[in-house]
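Written below as structure tokens is the structure these notes are about.
Only heavy atoms go into these numbers, but all of them, side chains included; no hydrogens, no water, no symmetry mates. In what follows, chains carry the letters A, B, and so on, assigned in the order in which the sequence lines appear, proteins first and then strands, with residues in each chain numbered from 1.
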2 protein chains.
Amino acid sequence: MEIMNTISKENYLKTIYQIKKPKSKKVSTAHLAKRLEVSNAATSDMAKKLFDLGLVKYQPYRGVELTAKGEKLALNVIRRHRLWELFLIKTLNLSWSEVHTEAERLEHQASDFLIDRIDEYLDYPDFDPHGDPIPNKNGELPVQPDSVKLTAAEVGKFYFIHRVKNDDIKLLDYLTELGLKLNMQLQVLSRLEFDNSVRVKINNKEHSFSEKIAEKLSLVSADGEKR
Amino acid sequence: MEIMNTISKENYLKTIYQIKKPKSKKVSTAHLAKRLEVSNAATSDMAKKLFDLGLVKYQPYRGVELTAKGEKLALNVIRRHRLWELFLIKTLNLSWSEVHTEAERLEHQASDFLIDRIDEYLDYPDFDPHGDPIPNKNGELPVQPDSVKLTAAEVGKFYFIHRVKNDDIKLLDYLTELGLKLNMQLQVLSRLEFDNSVRVKINNKEHSFSEKIAEKLSLVSADGEKR
DNA sequence: TATTTAACTTAAGCTTGCTTAAGTTTTCAA
DNA sequence: TTGAAAACTTAAGCAAGCTTAAGTTAAATA
């Protein structure tokens with residue numbers, strides 16, 4: 001069994017990794033199909049192939065789950081993606097949303113050698129501009145502190161901005177426009193019961209975020225030890 | 001007829017452009033097949049497809065020739081390739097031979113937007129490190145002076161190094177090691193009849209090049225007007 | 001617990017780009 | 001000018017990755 005990686009297989013593995021929950025790591029083929037914008041049939045098909053390659057566990061009607069081998073490959077794709085993003089942002093001064101779709105294609109192309117040079121150029125970053133962790137060349141993720149979403153943060157408390165979830169909206173670009181960056185400190189001022197929007201203070205400036213945005217922001221406690 | 005470009009089609013177009021002679025622009029399918037490392041049958045097949053797309057002229061047994069439309073696409077691929085090369089060399093400090101194979105894959109990936117940003121970053125270069133011309137975004141090549149190969153250069157005369165032909169050998173890296181760069185001036189000292197090797201003086205240092213190397217070096221006359 | 005419906009898989013078939021093998025056309029040398 | 005060799009094309013078939021349609025299993029509800 002050769003580990004022959006095609007672009008398509010890499011995308012399946014990456015997407016399985018992205019979809020899976022921390023506990024039950026099983027992913028339904030239908031869910032996968034939706035994310036990859038292909039038919040369910042295509043996903044079932046591929047599930048079998050990845051199974052034969054030893055990259056996922058798979059039983060018909062029971063979903064797929066990455067094996068250690070599959071997860072390592074998935075993390076490698078994610079590594080490439082995030083390093084490409086950072087690299088293009090840094091050299092060409094592009095915004096995250098401009099760079100995301102490019103990285104989607106480039107992540108399958110560069111050799112390991114090139115990726116390592118890019119990693120070196122960026123001085124081996126642990127996190128991308130969203131605060132998402134970048135696996136190192138051995139597929140290991142940097143240690144991550146406990147975090148809470150802004151929707152669940154305690155009113156009155158201080159936090160650091162830790163992560164901006166990268167769905168398809170241009171949230172990071174918007175926050176950047178507001179002058180916000182990762183690791184900035186913030187105080188939760190109030191939460192409106194009516195619509196769950198949250199008021200926060202950052203750099204002595206007040207901002208209000210809708211629930212939709214607050215849900216995408218992960219925070220790390222700033223007062224003393226987190227527990 | 002959609003202009004749906006696949007990686008494979010782009011490679012065929014690019015290769016036809018690279019192989020063709022300035023006068024008779026016809027390229028035999030067998031020659032193409034050899035360069036692309038596929039069977040002759042595959043090339044004949046593709047010739048028909050490219051013909052249907054209006055990208056080449058093709059009559060069975062008569063070879064292919066790029067149409068204006070095909071040439072424009074080919075030049076665009078070449079543009080991407082050379083810009084990627086330059087970009088990686090400049091940002092990551094890689095050598096030409098390290099970067100060439102990467103560019104071979106990347107040339108099919110980036111969006112026009114990204115390529116234009118790279119072009120901008122590089123300040124719209126006209127030539128790559130080999131002295132090969134880089135088409136601009138409209139597919140136009142920079143004006144090129146008349147040149148002679150070092151094998152045909154006149155003994156005693158002065159020239160500028162204009163171009164280093166980029167075949168598969170690591171010639172450019174070797175010349176760089178010797179301290180030679182494009183546009184340096186050189187004097188042809190002598191040519192050995194026995195093996196057609198050439199002695200030249202560059203920066204007051206003498207070098208001897210075999211016929212094989214001399215053939216890859218294009219020069220532009222340095223004394224007054226060329227004729 | 002039975003049955004309907006939703007979720008998922010299998011089957012058949014398409015396209016792209018390749019292969020090998022068989023068939024044509026050119027070309028070139030006698 | 002002809003006929004063998006070289007050059008090229010066509011035919012048949014394969015693999016990957018998709019599609020739609022038909023079939024199966026699991027889950028949900030009565």
Practice problem: Please say whether the positively charged group of A/K14, taken as NZ for Lys or CZ for Arg, lies over the ring of A/Y12, i.e. under 6.0 angstrom from the six-membered ring centre and within 45 degrees of the axis. | Solution: no
Exercise. Walk along DNA chain C from 5' to 3' and tell me the first and last nucleotide with an atom closer than 4.0 Å to a non-hydrogen atom of chain A.
Key: C/dC8 to C/dA11
Practice problem: For B/T43, report the nucleic acid contact type (base, sugar-phosphate, nothing); a contact means any heavy atom under 4.0 Å. | Solution: nothing
Quiz item: So what does A/K48 touch, heavy atoms closer than 4.0 Å: a base, only the sugar-phosphate, or nothing?
Solution: sugar-phosphate
Exercise. Check every strand shown and say whether A/S8 touches a base, only sugar-phosphate, or nothing at a heavy-atom separation below 4.0 Å.
Key: sugar-phosphate
Quiz item: Side chain of A/T6: nearest nucleotide among D/dC18, D/dT19, D/dG17?
Solution: D/dG17
Quiz item: Whole-Å distance between D/dT24 P and A/R62 CZ?
Solution: 18 Å
Self-check item: Length of the line joining B/K34:NZ and D/dC8:C1', which is rounded to integer Å
Solution: 15 Å
Quiz prompt | Atom-to-atom span, CD of A/E10 to P of D/dA16 - whole angstrom | solution = 16 Å
Quiz item: Base, sugar-phosphate, or nothing: which does A/A30 touch, judged by heavy atoms less than 4.0 Å apart?
Solution: sugar-phosphate
Practice problem: Whole angstrom is fine here: how far is it from CE in A/M46 over to P in D/dG17? | Solution: 4 Å
Quiz item: Do A/F87 and B/F87 make the cut of ring centroids closer than 6.0 angstrom?
Solution: yes
Quiz item: Counting any heavy atom closer than 4.0 Å, what does B/T29 reach on the DNA or RNA strands: base, sugar-phosphate only, or nothing?
Solution: sugar-phosphate
